[in-house]
Visitor: 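Following this message is one structure expressed as structure tokens.
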Amino acid sequence: MGNNRRQRVSDCLNSPFQVRYENAARLQTLLNEEGLLAVISFGQEHETKDARLVTVELPELGGNSTLEVWHTPCSPETGYVGEIRYSRTDTVLFGYIQFEVSRVPGMEQATYDAYRAILACQQHLGYPYLLRTWNYLSDIHREEDGLERYRAFCLGRHRILETTPDFERHLVAATAMGTRTSQVLIYFLAAHEPGFRLENPRQVSAFRYPSHYAPRSPSFSRATLKPWGAEAHLYISGTASIVGHETRHVDNPLAQLDETLNNLQSLADNARRLHGLAIQSLDELSLLKVYLRQGVEMAPIVQCLQRRLGGRVPALFLQGDVCRNDLLLEIEAFHAGILGIPEKALGG
Ligand code: 3EB
């Protein structure tokens, strides 16, 4: 790909990329396309090494083999900065880091170091603001030196992010999910300008969770809203059946799904009220990614989703270990929409 970034400025005035689910049989074709910012595959890792390709090693459910494809009208440039592989346009930076965590120095320090490498890459290339992160952690519930690995991850992430200017205001949407492989994978999206941090009035902000969940609270926001000209992207974090800061409906997957959808609706309402994002109901979302804990049956979840969303939103189902033991499922979402006038500015 080299340095031939043949792009017209006008191409990137609105959303710099679009996201779609496509059939995994298209992988080679996609990798030969110029306008590919990133492609995320699921399940087994591929032989092909490409800075635009990451593999989330979680089994896809439902018998399909799906890719998440980030198309751009530009020609991304790819490369390395330190341990980060990246793909970028003039507007956005996609990057990832993958590593083994050994007992020494352990998950906290490994997370600290990984995020330090990400921040350095962002600084070096000039995309200082994160918009969203995905964190896939091996053995997320295992205890090491008396601390669950997810909690050690939270410690390391907090310790590095709190060194950045105005860090709570700039917290971004995230996913943190357990995998059954040995490596940790973190991938991210960053830009020249920050997005807006969005919280959910039904939920205590994760960065304000009481300390019994983790010695340092999880450093993420419920969503990031990023205006791109007259358009906007809404990156919604992994969202679960949590009201206030407590898990609801322990052992009841369908009730957890219902509560999760209530949370997603409340977030969408907040994006409309505060920023004028043109979204009324969840069936307008662009994409969903549904994570089910092992043993949770998929068919009833699909039925219930169809009842509430009418089956109009493309959804990908993965099996993963949600980071709180009592959560049976989690849903993340992406929405590309239009910005209008915020209701709050109209007195709404
Ligand atoms: C929750 O709402 C569920 O630590 O980055 C969801 C998404 C969750 C991201 C993270 C954790 C994270 O607290 C867990």
Side-chain angles (χ1 to χ4, degrees), residues 56 58 96-97 107-108 110-112 114-115 118 130-141 147-162 167-168 170-179 184-189 197-224 234-250 253 256-267 270 288-293 296 318 320-334:
V56 171
L58 294 178
Y96 71 89
I97 182 168
M107 185 59 113
E108 178 192 344
T111 303
Y112 181 93
Y115 269 89
I118 290 170
L130 283 172
L131 298 179
R132 205 207 187 289
T133 69
W134 286 263
N135 305 272
Y136 294 97
L137 316 178
S138 45
D139 286 317
I140 195 165
H141 298 311
L147 192 64
E148 186 194 34
R149 276 158 66 92
Y150 171 64
R151 293 174 188 194
F153 162 82
C154 285
L155 260 179
R157 178 175 56 176
H158 187 277
R159 193 152 61 79
I160 182 82
L161 290 181
E162 76 174 344
F167 103 101
E168 278 196 354
H170 288 134
L171 288 176
V172 301
T175 293
M177 188 63 51
T179 67
V184 171
L185 166 70
I186 302 175
Y187 68 91
F188 64 94
L189 176 69
R197 193 194 83 199
L198 204 66
E199 293 301 315
N200 185 342
R202 300 183 85 237
Q203 298 186 300
V204 172
S205 294
F207 54 89
R208 298 265 153 75
Y209 279 169
S211 59
H212 60 265
Y213 292 110
R216 286 286 175 282
S217 54
S219 308
F220 72 100
S221 64
R222 299 301 177 187
T224 309
L234 182 63
Y235 309 107
I236 300 183
S237 288
T239 303
S241 176
I242 295 173
V243 179
H245 56 75
E246 285 170 346
T247 301
R248 292 286 167 90
H249 320 294
V250 174
Q256 287 203 5
L257 174 63
D258 225 41
E259 200 71 78
T260 300
L261 294 173
N262 292 343
N263 280 331
L264 291 170
Q265 181 66 55
S266 160
L267 257 176
N270 226 19
L288 296 178
K289 198 179 289 163
V290 182
Y291 300 93
L292 300 182
R293 190 178 286 283
V296 176
L318 300 171
D321 298 328
V322 185
C323 58
R324 254 191 217 185
N325 255 313
D326 51 12
L327 291 173
L328 301 172
L329 58 93
E330 188 175 294
I331 301 181
E332 64 176 62
F334 169 78

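Read the numbers this way: they start at 1 and go in the same order the structure lists the ligands and their atoms.
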Visitor: Under 3.5 Å, N/O to N/O: give me all the pairs between ligand 1 and the protein, one per line with atom names and distance.
Guide:
{"from": "ligand 1", "atom 1": "2 (O)", "to": "Tyr209", "atom 2": "OH", "distance (Å)": "3.2"}
{"from": "ligand 1", "atom 1": "2 (O)", "to": "Arg222", "atom 2": "NH1", "distance (Å)": "2.8"}
{"from": "ligand 1", "atom 1": "4 (O)", "to": "Tyr150", "atom 2": "OH", "distance (Å)": "2.6"}
{"from": "ligand 1", "atom 1": "4 (O)", "to": "Arg157", "atom 2": "NH2", "distance (Å)": "2.8"}
{"from": "ligand 1", "atom 1": "5 (O)", "to": "Arg157", "atom 2": "NH1", "distance (Å)": "2.7"}
{"from": "ligand 1", "atom 1": "5 (O)", "to": "Arg157", "atom 2": "NH2", "distance (Å)": "3.3"}
{"from": "ligand 1", "atom 1": "13 (O)", "to": "Tyr209", "atom 2": "OH", "distance (Å)": "2.7"}

Visitor: Shortest non-hydrogen contact from Leu318 to Lys289?
Guide: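 Scanning both residues completely, I find the closest heavy atoms to be CD1-CD, 3.9 Å.
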Visitor: Identify all side-chain donor-acceptor contacts of residues 234-246 below 3.5 Å with residues at least two apart in sequence or on another chain.
Guide:
{"from": "Tyr235", "atom 1": "OH", "to": "His233", "atom 2": "ND1", "distance (Å)": "2.7"}
{"from": "Ser237", "atom 1": "OG", "to": "Ala174", "atom 2": "N", "distance (Å)": "2.8"}
{"from": "Ser237", "atom 1": "OG", "to": "Ala174", "atom 2": "O", "distance (Å)": "3.3"}
{"from": "Ser237", "atom 1": "OG", "to": "Ser221", "atom 2": "O", "distance (Å)": "2.6"}
{"from": "Ser237", "atom 1": "OG", "to": "Arg222", "atom 2": "O", "distance (Å)": "3.4"}
{"from": "Thr239", "atom 1": "OG1", "to": "Ser237", "atom 2": "O", "distance (Å)": "2.7"}
{"from": "Ser241", "atom 1": "OG", "to": "Arg248", "atom 2": "O", "distance (Å)": "2.8"}
{"from": "His245", "atom 1": "ND1", "to": "Tyr213", "atom 2": "OH", "distance (Å)": "3.0"}

Visitor: Apply ring-ring contact (aromatic ring centres under 6.0 Å, His included) to His249 and list each qualifying residue two or more places apart in sequence or on a separate chain.
Guide: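 Per chain and number, His249 pairs via ring-ring contact (aromatic ring centres under 6.0 Å, His included) with no residue.
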Visitor: Sequence neighbours excluded, which residues qualify as ring-ring contact (aromatic ring centres under 6.0 Å, His included) partners of Phe153?
Guide: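 Here no residue qualifies.
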Visitor: Are the charged groups of Arg324 and Glu330 less than 4.0 angstrom apart, N to O?
Guide: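 Looking at Arg324 and Glu330, the cut-off is not met.
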Visitor: Would one find more than 12 heavy atoms of other residues, nucleotides or ligands at under 6.0 Å from atom CZ of Arg216?
Guide: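 Counting neighbours around CZ of Arg216, 12 or fewer heavy atoms of other residues, nucleotides or ligands fall under 6.0 Å, so no.
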